[in-house]
J.: 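Here it is, the structure, as structure tokens.
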Amino acid sequence: MSRYSATEIEARWQEAWDKAGIFRASRQADRPKYYVLEMFPYPSGRIHMGHVRNYTMGDVIARYKIATGHNVLHPMGWDAFGMPAENAAMASGGHPKDWTYQNIADMRAQMKPLGLSIDWSREFATCDPEYYGQQQALFLDMLDAGLVYRKNAVVNWDPVDMTVLANEQVENGRGWRSGALVERRELTQWFFKISSMSEELLSALDTLENWPAKVRLMQENWIGKSRGLQFSFERTDGGAPITVYTTRPDTLMGASFVGISPDHPIAKQLEAENPEVAAEVARMREGGTTEEAIETAEKRGYDTGIRVRHPLDPNWELPVWIANFILMDYGTGAIFACPAHDQRDLDFCRKYDLPVIDTFLDLDDPKPVANTAFVPPKEQKVRWVNHFAGLDVATGQEAVDATIRFAETAGWGEGVTKYRLRDWGLSRQRYWGCPIPVVHCDSCGVVPEKKENLPVRLPDDVSFDRPGNPLDRHPTWRDCACPSCGKPAKRETDTMDTFVDSSWYFARFTAPRAETPTVMEDAEYWMNVDQYIGGIEHAILHLLYSRFFARAMHITGHLPAKSKEPFDALFTQGMVTHEIYQTRDENGRPVYHLPEDVENGKLKATGEPVEIIPSAKMSKSKKNVVDPVSIISAFGADTARWFVLSDSPPERDVEWTAAGAEAAHKHLNRVWNLSDRIGAMQPDASGEGDEDLLREMHKCIRDVTNGVESFGFNAAIAKLYAFTNTLAKSTAGAAAQKQAIMTLAQLMSPMTPHLAEDIWAHQGGEGLVATAPWPKADPAMLVDAAVILPIQINGKRRAEISVPVDMGKAEVEKLALATDAVQKALNGAAPKKVIVVPGRIVNVVV
RNA sequence: GCGGGUGUGGCGGAAUGGUAGACGCGAGGGUCUCAAACACCCUUACCGCAAGGUGUGUCGGUUCGAGUCCGACCACCCGCACCA
């Protein structure tokens with residue numbers, strides 16, 4: 001008898017797959033294709049358990065699809081541009097390129113032992129000139145198509161990273177990577193016209209049926225479509241009218257004041273002229289922009305002294321206030337406040353003693369607003385106090401529509417649809433990114449580089465001893481000839497946001513070595529991604545940008561029309577979490593400890609007890625990390641794969657526990673021993689219960705297949721556990737047991753491919769289990785001859801009977817009524833009602 | 001504040017409106033062993049000696065029957081842009 005040695009068999013089978021080339025994808029018109037993709041990693045240098053979980057899920061799908069006859073594309077690459085490489089270069093003096101490629105080599109070496117069914121021949125990194133050169137070509141095509149433009153813009157400047165951040169990359173007023181307070185600066189920037197597709201990107205969300213509803217909703221909110229009324233208030237001093245946008249124009253008769261943002265041109269003008277305003281506005285701008293700060297921040301306002309006329313009553317004058325809760329970059333940066341129906345406005349008016357006017361009342365409880373604004377859902381009917389368009393009882397939505405029509409007819413306002421989505425600023429003042437392929441010429445202006453000169457390569461001879469962009473201070477790289485007039489000119493030194501790199505890599509995988517961004521035949525064949533898998537953290541940015549890019553690539557002829565939505569199905573997996581072990585230093589500050597240094601709640605080294613903090617996402621700072629490499633060397637890849645799939649539903653977080661990992665390993669050992677035992681049986685040995693075993697086997701095929709198809713990996717694994725237990729206890733003959741163990745190996749092969757392969761070979765299976773056709777459940781074997789029916793009395797289970805599966809309702813009822821429990825409950829009386837659900841249950845109502 | 005999600009044993013979690021707690025962990029008991037480890041077997045929602053009763057966050061409702069459907073509420077988690 002031999003022993004299960006994961007290290008030995010895993011290396012052997014990986015070599016066998018490699019040799020057979022079974023994961024190499026090529027176009028085959030006669031087979032259905034399947035493209036499965038996991039979000040590609042940033043090459044940090046170390047894989048973590050989150051990667052293992054992400055790639056294992058994709059691998060299960062990929063291997064299952066291979067077994068069901070699909071031509072599978074399952075590629076892998078590296079999201080390799082970005083600031084950590086520059087940070088590392090600044091910290092330790094190396095070159096971002098060397099750092100990145102070394103990390104890629106390290107990570108690839110850590111990933112390969114996982115035994116993933118990846119077509120490594122398609123691998124690329126976004127920092128390969130062959131990739132970013134094609135990205136530059138795409139950029140030029142998009143420029144041609146009017147999808148890229150330059151404008152002066154106030155940008156978020158990160159003073160630590162010395163770079164511009166997209167609005168979306170600013171978190172609570174701080175840079176999302178550096179955490180530094182963001183400053184506002186004006187620069188000329190390149191923008192993608194993503195806002196030109198707002199409506200399209202919004203309405204197409206409805207077609208993404210196989211995306212999580214949550215992600216679609218997040219994108220919907222991000223695009224932020226609203227319908228409202230735009231109109232102007234005339235100033236009594238004859239100054240330029242103040243234009244406001246409102247989604248509740250129906251409350252105009254409840255207007256209390258006009259509010260403008262501290263960044264509104266009028267506020268800025270007053271700020272420049274009047275020191276008192278300047279001081280007040282400065283106070284409004286300070287204070288955190290965090291949720292908490294905003295929640296607790298007091299409403300602040302300043303009466304400008306400006307007065308405006310109400311559009312419906314020239315004698316009605318409203319004051320104009322600067323208010324800290326009005327944002328300049330939404331709508332027009334000016335509003336009218338209706339305190340009766342907006343809590344913010346109400347708080348403000350109570351503070352500054354401004355009037356509160358009810359415009360509509362609750363039908364059931366028509367009392368005036370006191371200190372809580374009356375804000376019913378827009379679908380709720382309310383009674384109007386004084387509606388200029390003559391409404392009496394109507395919903396808010398009806399009133400909004402009526403008001404817009406009224407204003408348009410009267411000519412003092414217009415209905416406007418606005419989107420919150422803003423254009424995507426892509427310029428970054430960084431070295432380690434894709435150079436923007438344009439040239440600045442004194443005579444010709446901004447000139448696109450010629451395609452034959454692509455890629456515009458990053459120079460290698462750069463240093464990072466000073467902050468800022470080394471391309472700016474490079475002695476020769478900037479100098480070039482103008483592509484248009486040939487005179488000396490300067491290259492653009494900005495590089496692209498790394499979100500550009502990840503916005504089309506999925507398309508590049510279909511033709512990774514092509515001399516054009518894509519090849520239409522390959523894109524036609526392989527696109528779309530049938531199943532995309534990744535973290536929820538990319539719900540908005542990456543996925544929205546990719547949707548935009550896919551459309552842009554269609555417009556520029558790089559993708560077929562069907563790829564406008566590039567990801568047919570999306571799955572967002574949960575995180576891997578772990579308990580946190582903490583002690584405190586002499587100053588009471590927390591000190592964290594790696595799980596491998598802790599045993600039974602004590603530090604291995606000193607015996608000091610640790611405080612155990614409930615599980616959280618694995619993070620280096622909390623040291624609650626488990627290194628996949630050490631798990632693989634201790635237990636093997638199959639154990640790690642099995643465990644990350646087994647304990648929780650894939651969309652939820654899974655808690656890594658040492659006990660769980662050991663249990664997974666024990667189980668795989670048990671399966672291996674089982675195969676060993678069955679292999680040693682006399683081939684013609686007969687036994688008891690062949691049919692029972694095979695029936696269970698077919699049920700297991702059905703359940704595991706359903707589980708894999710529906711991302712119920714944990715449920716599929718539970719069924720595999722149960723069937724293994726059944727097989728271990730079976731006394732069936734050798735032939736049945738052999739069939740059972742081989743089927744078990746096949747069903748396990750997407751999750752634990754190496755072990756499955758070894759068992760398959762041990763049992764004399766033909767070829768590789770990786771390419772063996774997926775087993776089919778025989779419907780006839782799924783139906784049991786007899787079924788146990790629970791008997792309920794008034795909905796409570798009291799007894800059970802065993803009946804043939806095809807027994808008629810009347811007969812079942814007779815048997816049920818004859819049971820002791822029912823007889824006792826009836827006590828001679830007739831039942832009020834008997835419900836018989838065939839094959840399920842009998843309920844007797846007494 | 002707005003939007004979304006989740007609440008089931010000691011723990012992770014199963015359950016097309018039909019036997020709540022599959023499967024795993026942990027725990028307890030046993031076999032083997034000089035002993036331990038490994039392995040294997042049994043038990044394990046709670047209360048109760050038992051009969052029996054109670055149980056899926058809380059309260060109500062629909063139903064022959066509710067973890068599942070409906071209403072209100074509570075708690076926790078996630079996202080967000082005070083979005084007019």
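Chain A is the first sequence line, chain B the second, and so forth, proteins listed ahead of strands; every chain is numbered from 1.
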J.: Kindly indicate, with the supporting measurements, whether the criterion side chain to side chain contact (heavy atoms under 4.5 Å, CB included) is fulfilled by Y4(A) and V671(A).
T.: CA-CA 9 Å; Y4(A) 171 53; V671(A) 176; over 6 Å; no

J.: For G12(B) and G26(B), measure between their P atoms and round to the nearest Å.
T.: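 Comparing P positions in G12(B) and G26(B) gives a spacing of 15 Å.
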
J.: Looking only at atom P, what distance separates A22(B) and C46(B), rounded to whole Å?
T.: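 It comes out at 12 Å once rounded to the nearest Å.
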
J.: Please pick, from U19(B), U16(B), G3(B), the nucleotide with the shortest atom-to-atom distance to any side-chain atom of I841(A).
T.: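 Among the listed nucleotides, the one closest to the side chain of I841(A) is U19(B).
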
J.: Which nucleotide in the set G24(B), G3(B), G13(B) lies at the smallest distance from any side-chain heavy atom of S648(A)?
T.: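 From the listed options, G13(B) comes nearest.
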
J.: Considering only atom C1', compute the distance from U8(B) to A20(B) and round it to an integer number of Å.
T.: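 One C1' to the other, the span is 8 Å.
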
J.: Distance between the P atoms of G4(B) and G21(B), in whole angstroms?
T.: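 After rounding to an integer number of Å, I get 34 Å for this pair.
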
J.: Kindly point out which of A84(B), C41(B), U19(B) is positioned nearest to the side chain of R248(A)?
T.: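 Looking only at side-chain atoms, R248(A) lies closest to A84(B).
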
J.: Is there a residue in residues 698-720 of chain A whose heavy atoms reach under 4.0 Å of RNA chain B, and which residues are they?
T.: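 Per residue number, the list reads N714(A), A718(A).
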
J.: Quick one: what's the B/S/- string for nucleotides 60-70 of chain B, heavy-atom cutoff under 4.0 Å, read 5' to 3'?
T.: ----BS-----

J.: By nearest atom, which of the nucleotides C23(B), U6(B), G4(B) is closest to the R652(A) side chain?
T.: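 Among the listed nucleotides, the one closest to the side chain of R652(A) is U6(B).
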
J.: Which heavy atom of Y352(A) sits nearest to which heavy atom of G301(A), and what is that distance?
T.: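 What the structure gives for the nearest pair is OH-N, 2.9 Å.
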
J.: The side chain of K214(A) is closest to which nucleotide in this list: C42(B), A84(B), C78(B)?
T.: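 Among the listed nucleotides, the one closest to the side chain of K214(A) is C78(B).
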
J.: For RNA chain B, what is the dot-bracket line, given that a base pair needs Watson-Crick (N1 to N3, plus N6-O4 or O6-N4) or G-U wobble (N1-O2 and O6-N3) geometry with both distances under 3.5 Å, and | means paired with another strand?
T.: (((((((..(((.....[....)))((((((.......))))))(((....)))..(((((..]....))))))))))))....

J.: Expressed in whole Å, how much space separates the C1' atoms belonging to C82(B) and A72(B)?
T.: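 It works out to 28 Å between them.
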
J.: C38(B), OP1 or OP2 - any side-chain N/O from R670(A) closer than 4.0 Å?
T.: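 Negative; the distance criterion is not met.
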
J.: Can you tell me, in whole Å, how much space there is between the C1' of G9(B) and that of C77(B)?
T.: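 After rounding to an integer number of Å, I get 22 Å for this pair.
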
J.: Just label G53(B) as syn or anti from its O4'-C1'-N9-C4 or O4'-C1'-N1-C2 angle, using within 90° of 0 for syn.
T.: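 Here G53(B) takes the anti form, which means its glycosidic angle is more than 90° from 0.
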
